[in-house]
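Notes for the one structure printed next.
Lettering follows sequence order; numbering is per chain, from 1. Side chains included, hydrogens not; waters and symmetry mates left out as well; all remaining heavy atoms used. The structure presented is a predicted model; accordingly, all values stated were derived computationally and were not measured.
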Protein chains: 2
Amino acid sequence: MESEESRGQSATPLWRPGRRRRAPAYDIKREAVIATAARLFQEKGYRNTTLNDIAAALNVTKPTIYYYVQNKDEILAECRARVWGGITKVIQAASDSRKNGREKVELFVRSYAEAISTDYGKCLVMTVRDVGGAEAELRKYRQGLREATHVLRDIVAEGIRDGSIAPCDPRMAAFAMYGALNWITYWYDPDGPSNPSEIGEEFVRLFRTGLKPRLER
Amino acid sequence: MESEESRGQSATPLWRPGRRRRAPAYDIKREAVIATAARLFQEKGYRNTTLNDIAAALNVTKPTIYYYVQNKDEILAECRARVWGGITKVIQAASDSRKNGREKVELFVRSYAEAISTDYGKCLVMTVRDVGGAEAELRKYRQGLREATHVLRDIVAEGIRDGSIAPCDPRMAAFAMYGALNWITYWYDPDGPSNPSEIGEEFVRLFRTGLKPRLER
DNA sequence: GGAATTGGACCGTCCGGTCGTTAGAATCCA
DNA sequence: TGGATTCTAACGACCGGACGGTCCAATTCC
């Protein structure tokens with residue numbers, strides 16, 4: 001199989017390159033497989049969701065899944081990749097922007113809240129703790145989340161230096177905010193009363209001024 | 001076999017009942033099984049930890065585990081029960097105390113941080129999301145955590161009424177703080193630089209006054 | 001008509017759980 | 001006191017079911 005493919009790519013193409021061999025619905029169907037799997041993973045966990053579950057939810061049988069995907073791990077990898085793109089953008093945007101530290105933090109909070117509030121986000125947070133998928137992949141995402149916390153910590157520290165944030169332990173502040181954000185995946189319900197942007201906004205307010213009433217005017 | 005036993009129980013007991021031979025190490029060993037399992041569950045997840053893993057960590061074989069425990073689910077149940085006691089005490093203490101709303105919140109944060117920072121705590125948080133153990137048990141603890149959030153929300157609302165907390169959305173504030181607390185289980189390392197009580201203290205400070213510098217004196 | 005799709009049946013493995021057995025310590029009794 | 005008895009604690013081997021994954025034939029559709 002491997003040699004066939006590489007031969008096809010190099011000298012005498014067994015299959016003409018430009019010739020579309022798959023129906024246009026292929027990509028859509030593949031996407032449906034991944035989206036459905038993400039929903040189930042997020043509801044029941046990776047290990048507790050069988051390929052038959054996914055197939056049943058799509059009204060097909062297991063071999064059909066395998067027509068669109070190599071194996072179960074690949075499905076999870078796709079789910080994670082989908083949310084990870086959003087998260088790296090959040091990190092980039094927050095750290096590159098020309099703002100003071102506190103504004104960067106608030107941008108981070110707002111946009112992370114939106115990025116994580118999806119089935120893919122729930123899926124990532126869930127499977128990064130409990131094992132899921134290949135070991136190397138898992139480590140990559142664990143490392144990724146850790147780096148996200150570090151970025152948050154660093155922009156908190158920046159805010160302390162530039163005076164926009166009151167002196168505190170940047171590491172703890174980052175952990176607290178990051179935890180609040182990731183925990184959204186445990187309770188957020190798309191059909192519930194508040195949407196991700198409102199959640200982010202309310203979190204920003206809390207982290208900015210705290211619970212205690214301010215006397216200042 | 002049955003008739004022998006019933007005969008033995010009724011008229012002339014062939015074996016005196018109640019004559020329990022002592023097994024002093026039994027309880028200790030059972031505890032070791034549960035503690036070891038908790039450590040492994042917390043590291044690798046419930047489903048990803050096999051009974052052979054637990055046995056190997058104790059230098060015994062699988063049937064030995066079954067000498068101390070009915071089945072795998074029971075181990076998880078024991079782990080959860082061990083942390084749940086602490087959590088209910090936190091809830092009780094926080095809501096019953098004669099303090100204003102904000103002080104109650106701060107008590108909750110401090111003591112919850114300590115209660116959750118154990119292998120058992122990590123185990124609970126981990127397995128309450130992904131499935132683990134009997135379905136009914138799982139629902140019970142999910143419900144329990146939800147109630148904990150509600151208590152937190154209610155004492156925030158109380159604080160708003162008594163003026164110790166600035167007006168805000170109590171539900172969101174509760175979710176944020178509760179998330180920060182539960183997320184401790186994702187990153188806390190007993191060998192790390194800060195202990196649970198310091199973590200709780202720093203969280204309290206953040207939630208009380210927020211990041212923004214206060215001008216008031 | 002041939003490639004794109006799909007399903008029925010099947011395989012191998014892993015894992016929770018069980019069975020029968022046993023070494024040896026503790027206890028009992030002649 | 002020493003042999004017979006009984007119980008603890010542990011193990012090796014095995015079972016059955018679930019689940020990821022595969023084969024191949026059937027079917028559908030451009």
query: Is there a donor-acceptor contact under 3.5 Å linking the side chains of A:Q42 and A:R39?
result: no

task: Could you tell me the separation between the CG atom of B:N52 and the C1' atom of D:dG12, rounded to a whole number of Å?
output: 12 Å

- request: For the side chain of A:K29, starting at C-beta, report the closest nucleotide among C:dT5, C:dG7, D:dA10.
  value: C:dT5

- request: May I ask you to evaluate whether B:Y66 reaches the phosphate of C:dG17, defined as a side-chain N or O under 4.0 Å from OP1 or OP2?
  value: yes

query: Rounded to the Å, how far apart are B:I65 CD1 and D:dA9 P?
result: 14 Å

query: Under 3.5 Å, is there a donor-acceptor pair between the A:Y112 and A:N182 side chains?
result: yes

message: If the cut-off is 4.0 Å, is A:T61 near the phosphate of C:dG7, judged by side-chain N/O to OP1 or OP2?
response: yes

query: So, does the side chain of B:K62 form a donor-acceptor pair with the base of C:dG16 at under 3.5 Å?
result: yes

query: Separation of B:I75 atom CD1 from C:dC15 atom C1', in whole Å?
result: 13 Å

- request: Using atom OH of A:Y26 as one end and atom P of D:dT28 as the other, report the distance to the nearest whole Å.
  value: 21 Å

- request: Please work out if A:T50 contacts a base, only the sugar-phosphate, or nothing of the nucleic acid, heavy-atom cut-off 4.0 Å.
  value: sugar-phosphate

task: Among the candidates D:dG21, C:dT5, C:dG8, find the nucleotide nearest to the side-chain atoms of A:P63.
output: C:dG8

- prompt: Nearest to the side chain of B:Y68 - D:dA9, C:dG17, D:dG20?
  reply: D:dA9

message: Whole angstroms only, please: what is the CG-P distance between A:L51 and C:dG12?
response: 19 Å

message: If you compare every side-chain N and O of B:Y67 against the phosphate oxygens of D:dA10 (OP1, OP2), does one of them come in below 4.0 Å?
response: no

query: Cation-pi between B:R110 and B:F203: NZ/CZ under 6.0 Å from ring centre and within 45° of the ring axis?
result: no

task: Go through the side-chain N and O atoms of A:N195 and A:Y188 and say whether any donor and acceptor fall under 3.5 Å apart.
output: no

